[in-house]
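Just so you know, these numbers come straight off a predicted model, no measurement behind them. For this chain, numbers begin at 1 and follow the sequence in order.
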Amino acid sequence: MGYGKKKDFLLNYINENNLQKKVKIVPYQTNPYNLIKSSDIFILTSLYEGLPNVLLEAQVLKKFIISSNCPTGPREILLNGKAGFLFNVGDYTELSNLILKYSKNKKLLSKKISIGYKNLSRFDYNRNLKKYLNIIKDCI
């Protein structure tokens, strides 16, 4: 979703490799809910993140996740790979292998989706707010 400096390169690659039915590049959207909901898999290729809320959103929608193992966020959210696949930042060969692995083992890997979904409570706003409040009260 979205366009960047490599838009033309990507469009040419898709056309040259006859991938129009499998790969779509769509314009940036402020609310990608419908795109994520209608997808089978969610892939995050970030170089770095803070707390990638989009991974939490993908888990809420029960999507299989493949994410770069960039600093801060994905490893924790995906429970060191128990709730999805992690690949080394920039290693697109590894990413493509993980996409193929998922496509050949969807039923077997659906357990990872369940693990991620069941562990979402760790990021609950009210639960974490109470923890901060207790820390503050202890300091007063």
>> Is it the case that over 12 heavy atoms from other parts of the model lie below 6.0 angstrom from the CZ atom of Phe123?
In response: yes
> Where do Arg122 and Glu76 come nearest, in terms of heavy atoms and distance?
Replying inline: NH1-O, 3.3 Å
> Rounded to the nearest 0.5 Å, how far apart are NZ of Lys106 and CD1 of Ile113?
Replying inline: 10.0 Å
> With a 4.5 Å heavy-atom cut-off, do Lys112 and Leu78 have their side chains touching?
Replying inline: no
> Heavy atoms, side chains only, cut-off 4.5 Å: are Ser121 and Arg127 in contact?
Replying inline: yes
> When rounded to the nearest 0.5 angstrom, what distance separates CG in Asn69 from CG in Asp91?
Replying inline: 11.5 Å
>> With rounding to the nearest 0.5 angstrom, report the CD1 to NZ distance, Ile43 to Lys63.
In response: 13.0 Å
>> Rounded at 0.5 Å granularity, tell me how far CD in Gln59 sits from CD1 in Ile115.
In response: 10.5 Å
> Does Glu94 use its side chain to pair, donor to acceptor, with the backbone of Asn88 at less than 3.5 Å?
Replying inline: yes
>> Going by side chain to side chain contact (heavy atoms under 4.5 Å, CB included), Ile77 matches just one of Ile65, Leu51, Leu44. Which one?
In response: Leu51
> Can you check whether Pro52 reaches Ser46 side chain to side chain, under 4.5 Å on heavy atoms?
Replying inline: no
>> Using 0.5 Å steps for rounding, measure from the NZ atom of Lys130 to the CG atom of Asp124.
In response: 8.5 Å
> If only atom types and distance count, is the side chain of Ser68 paired as donor or acceptor with the main-chain N or O of Phe87 below 3.5 Å?
Replying inline: no
> Could you state the interatomic distance from CG (Leu109) to OG (Ser114), rounded to the nearest 0.5 Å?
Replying inline: 11.5 Å
> For Leu86, does its backbone N or O pair with a side-chain atom of Arg75 as donor and acceptor, under 3.5 Å?
Replying inline: no
> Do Lys37 side-chain atoms and Ala58 backbone N/O form a donor-acceptor pair below 3.5 Å?
Replying inline: no
> Quick one: do Leu120 and Ile36 end up in the same hydrophobic cluster if we chain Ile, Leu, Val, Met, Phe, Trp and Tyr together by side-chain heavy atoms under 4.5 Å apart?
Replying inline: yes
>> Less than 4.5 Å apart, side chain to side chain, heavy atoms only: is that true for Phe42 and Val54?
In response: yes
>> Classify the ring geometry of Phe64 against Phe85: parallel below 30°, tilted from 30° to 60°, perpendicular beyond 60°.
In response: perpendicular
>> In the structure I gave you, are the side-chain heavy atoms of Cys70 and Val89 within less than 4.5 Å of one another anywhere?
In response: yes
>> Using side-chain heavy atoms (C-beta onward) and a distance below 4.5 Å, is Leu11 in contact with Gln20?
In response: no
>> Under the side chain to side chain contact (heavy atoms under 4.5 Å, CB included) test against Asn17, which residue among Asn15, Leu19, Ile14 passes?
In response: Leu19
>> Tell me the closest heavy-atom pair linking Pro74 and Thr72, and the distance in Å.
In response: CD-O, 3.2 Å
> If every non-hydrogen atom of Pro27 is compared with every non-hydrogen atom of Met1, which pair is closest and at what distance?
Replying inline: O-CG, 3.4 Å
>> Are the side chains of Ile41 and Tyr102 in contact, using a 4.5 Å heavy-atom criterion?
In response: yes
>> Within the structure provided, determine whether Val26 and Tyr28 are in side-chain contact (heavy-atom separation under 4.5 Å).
In response: no
